[in-house]
Every structure is written in structure tokens, then in C-alpha cells.
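Within every chain, numbering begins at 1; the chains are lettered A, B, ... in the order of the sequence lines, protein sequences first and strands thereafter. As the structure is a prediction and not an experimental result, all values here were calculated from the model.
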Amino acid sequence: MDKRIITCDYITNDDIILFIKFLEERFNYNFHIYSKATLKLRLRIILNKYNLKNIDELISFTGKNKINAERIIYDFTVTYREFFRDPVFLRQFRKRVDIFTKPLQEIRIWIPECGNGIEAYTFAIILHETEAYRNSAIIATDSNDVLIEKAKAGIYPSFKWKKDYQNYEDSGGKLELSELLPVKNDIIEVNRKLREKISFSKHSILSENIPGQFNLIFFRNSLIYFEYPAQISILQKLSKCLFSKGVLCLGEKETFHSFPGSENFKSLVKNERIYQKLR
Amino acid sequence: MIDIYNYKCIVIGISAGGMEILRRFLPLFPSDFPVPIVIVQHFHPNQGEFFIKYLDSCCNMNILEASDKEMIKKGNIYFAPPNYHLLIEENYTFSLNVDAKVNFSRPSIDVLFYSAADAYSSSLIGIIMTGANDDGSRGIRYIKERGGVTIVQDPDTAEVFTMPLAAVESSKIDYILPVENIAGLFI
């Protein structure tokens with residue numbers, strides 16, 4: 001299942017730009033500020049998967065019909081996620097969440113760039129064991145309609161469910177996971193109550209409008225997909241969306257210190273990317 | 001001999017049996033070695049940090065974990081962080097991602113090698129050493145196609161021969177040598 005092969009001929013930067021422009025004009029997606037090396041990797045995997053020789057063939061294949069377009073855009077945009085990635089972080093987060101949410105009547109939580117929803121469900125399950133869960137409103141957004149529909153449906157292949165369950169246990173999770181993420185006939189179907197707890201909607205992190213103010217934002221391993229200047233503007237936007245004392249969670253290898261405005265945050269947990277806005 | 005001043009970067013892919021090899025190989029490089037070295041080693045997820053600290057204490061070059069969007073600089077040897085793919089952008093900075101495993105691996109050697117060959121073309125040297133799968137065998141062929149130099153640890157001398165053998169079978173490799181002689185090519 002994980003076997004991906006990336007052999008194919010040289011892809012130039014012009015090729016990438018050509019395909020990005022095609023996606024923009026035809027489908028209104030903006031990939032200009034994404035890491036070009038990562039986009040090239042995905043293009044190589046796609047060319048190989050669909051047995052296409054070059055970008056011209058890819059563009060005509062994608063433009064041919066709606067089914068092709070959906071498959072290619074899905075493969076090009078979906079950020080691969082696994083349940084309960086980085087259990088050490090999740091354990092630290094669960095331990096502290098009630099401390100900083102205690103004074104709040106309502107806890108507004110945002111998961112931007114939620115992709116196919118796995119990261120949103122991961123956090124909902126972690127929060128499930130905390131006091132915060134009851135009073136929380138969870139909003140998860142993505143710019144891609146296809147992904148939003150997948151996220152709402154909450155159905156995933158189960159080929160690595162044992163690892164998922166193990167990671168949950170390693171995070172210190174105490175709930176009966178077989179109720180929340182039941183595995184049946186090679187799929188995981190997320191528990192209905194959990195699905196209803198999260199409101200999935202379309203929104204691009206790059207757009208001008210912001211979806212409101214939040215107490216908590218989960219944004220793990222999304223920043224790394226962008227070029228550096230875009231990372232700065234995204235962090236500034238997320239910072240604006242946080243209430244005073246709000247908390248931002250980033251991925252294990254995402255650093256915060258170089259962005260203008262980081263002085264208005266403090267690190268809540270040593271070695272973990274959990275930052276609290278001071279004012 | 002390779003005139004190292006004609007090159008801008010060395011990439012290394014290494015897996016099972018790699019710790020012992022790197023412990024002997026990396027201290028051979030002087031602190032003023034003129035190009036950076038970037039390594040994908042299939043670590044056990046919890047071993048990486050300890051190993052990097054240990055190597056740093058016995059090498060002349062600085063041993064670091066590669067950071068997202070960091071500029072790649074000479075004098076440094078960078079390791080891919082566990083559980084992330086490591087890629088090189090055309091402006092010689094790193095990018096990390098958490099895309100699906102390639103060749104059952106993340107970090108994947110092929111992923112690093114392809115992106116490095118795109119960025120450095122003929123100014124790149126690629127090395128495959130001991131390991132138990134075939135990750136890197138496509139990437140090293142691609143480095144050759146882009147005009148770079150390719151080196152493989154002689155499979156007969158490797159702790160685990162599978163990976164170097166897959167590399168040797170993938171394309172015409174410029175140098176197939178025991179580890180000790182590899183360092184001798186540019187020092």
C-alpha cells in the first residue's frame with residue numbers, strides 16, 4: 001500500500017509552473033506559494049501512477065473529464081495524514097489543555113488545512129478525554145471541496161489500524177478506540193457522534209477573510225508545505241485569529257522564532273510546539 | 001580522484017548497518033571541507049537525536065538535523081529528521097514534508113536524491129552505502145542522468161549488501177569502493 005515509485009524524466013520548474021497555472025485557470029486552486037520540491041515529488045508520483053510521460057500528457061489527462069480531474073487534484077493536494085501522529089506531543093497536549101481552557105465558557109477550536117479530516121478527528125479524540133471537550137466548538141476547514149466531503153464522511157482505509165491504535169495508546173489515551181474508530185471490512189468509519197462534533201467547511205488559509213476568533217488552533221505539519229514568505233504571512237494570520245491567551249499548536253519540526261510577532265507568544269511546554277499568545 | 005571544488009553538495013543514503021559505518025566515515029572529513037553533506041539514514045525513530053549528538057562530538061564538521069527552509073551551508077553535515085521526507089529546493093534550502101512513505105521509507109533516499117539532483121544537477125555527488133532495501137537505487141540513477149557523480153559502497157564489503165547491490169544494478173556507477181577508499185576520493 002505504501003509502495004510509491006517516483007521514477008520519471010526530468011521535471012523543470014517551468015513544468016511545475018505550467019501545471020500550477022492550469023489548475024488555477026481551470027479549477028481556481030492556488031499552488032504558487034507551495035514548496036516546489038514537494039510539488040515536484042507529487043507530480044512524479046502522479047505521472048508514474050497514471051502512466052503519463054510528461055506534464056503535457058498530465059494536463060490533457062486532467063482536462064479530459066471530471067473523474068480524471070478529481071483523481072489528479074486529490075493526489076496533488078491531499079496532505080498525507082495518519083491518526084495520532086507524534087504521540088509524545090499529544091500526551092503533553094492532553095495533560096495541559098484543561099489548565100488553559102478552564103476559565104472559558106466556550107472553547108472555540110480551529111483546524112485549518114484539515115485535508116481529509118484525519119488530523120481533525122485525532123484532536124477531537126484527544127480532547128474527548130478532557131473537560132474542554134464538552135464546551136468546545138470544533139471547526140475544520142480546507143480549500144478543497146473533495147477533501148471536505150471525504151472529511152465529513154470519515155471513512156478511511158484501515159491497513160495500518162494497529163499502528164494507529166498503538167499510537168493512541170502511546171499518547172496516553174484511555175478511551176475504547178474501537179467505539180470511536182471502529183475497524184470493519186478493511187475500513188475505519190469514524191463514530192457518528194464524533195463526526196457531528198466537528199463542523200467541516202470550505203475555507204482557504206490563503207484567503208483574505210478569517211473564519212472568526214479562536215481559543216485553540218491546531219496546525220501541525222502544514223506550514224512546512226509552504227515557501228518561507230508564505231509561512232510568515234500564514235503565521236501572522238493565525239496569530240490574528242487567536243484570542244488573547246489563545247494557543248497555537250505546530251508540528252514537531254516547525255519553528256516559530258523567526259516570524260515577526262513571535263515575541264507575543266510564549267512556549268507552554270519545553271520541546272513541544274505549543275505556543276500561547278500573551279495579549 | 002574527484003576535484004571536490006567542482007561540486008556543491010554530497011548526498012548520502014544509508015540504512016541497516018549504517019551507524020557503525022558513519023561513525024568511522026564522517027570523522028574523516030576536515031572542518032574546512034568545501035561542500036555540505038546531506039544524509040538520509042533510516043533511523044529507528046527514537047535513536048536519531050542521540051546519534052547526532054554522539055557524532056557531533058567526534059566529527060570535525062558540524063552534525064545537525066536538517067530544519068525546514070534552512071539554507072544549506074558548507075562545514076555542516078545534515079541528517080533528515082525521523083518520520084519526515086527531506087527535500088532540497090532549487091535555492092539550496094531544505095523542505096520537509098510528511099507525504100506518504102516512498103519505498104516503505106520516510107525519510108526516503110530516493111526523495112532526497114531526486115530533489116537534490118534537480119537542485120544541483122551536475123554539481124552533485126551521490127553515495128549509497130549499506131542497507132537492507134532498494135531505496136535510493138532510482139535516485140542514484142537520476143543523479144547520473146543529471147550529470148552528477150555516483151558512488152556506491154562495494155556490496156561485498158557492506159554490512160548489508162541489498163541496498164548497495166540494488167544501486168549497482170540500477171545504472172552504471174562511477175565508483176564502487178570500500179568505505180575507506182570512498183573518503184579518499186575527495187580528501
Item to complete: Output the residues of residues 53-73 of chain B for which the shortest heavy-atom distance to chain A is under 4.5 Å, in residue-number order; output 'none' if no such residue exists.
Response: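 Contacts with chain A: B/Glu65, B/Asp68, B/Lys69.
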
Please look at [X] and chain B and tell me whether the side chain, the backbone, both or neither of the residue comes under 4.5 angstrom of a heavy atom of that chain.
X	value
A/Glu254	neither
A/Asp86	neither
A/Lys36	both

Answer yes if the ring centres of [X] and [Y] are under 6.0 angstrom apart, and no otherwise.
X	Y	answer
A/Phe83	A/Tyr168	no
A/Phe76	A/Phe31	yes
B/Tyr7	B/Tyr120	no
B/Phe113	B/Tyr142	no

Worksheet entry | Any pair counted as salt bridge (Lys or Arg N to Asp or Glu O under 4.0 Å), so long as it reaches residues 154-164 of chain B, sequence neighbours left out |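 Sorted pair list: B/Arg24-B/Glu159.
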
Item to complete: For the residue pair A/Asp75 and A/Tyr50, confirm or rule out a side-chain donor-acceptor distance under 3.5 Å.
Response: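 A/Asp75 vs A/Tyr50: donor-acceptor pair found between side chains.
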
Worksheet item: What closest approach, in Å, do A/Lys150 and A/Tyr156 show between heavy atoms, and which atom pair accounts for it?
Response: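 So the two residues come closest at O-OH, 4.2 Å.
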
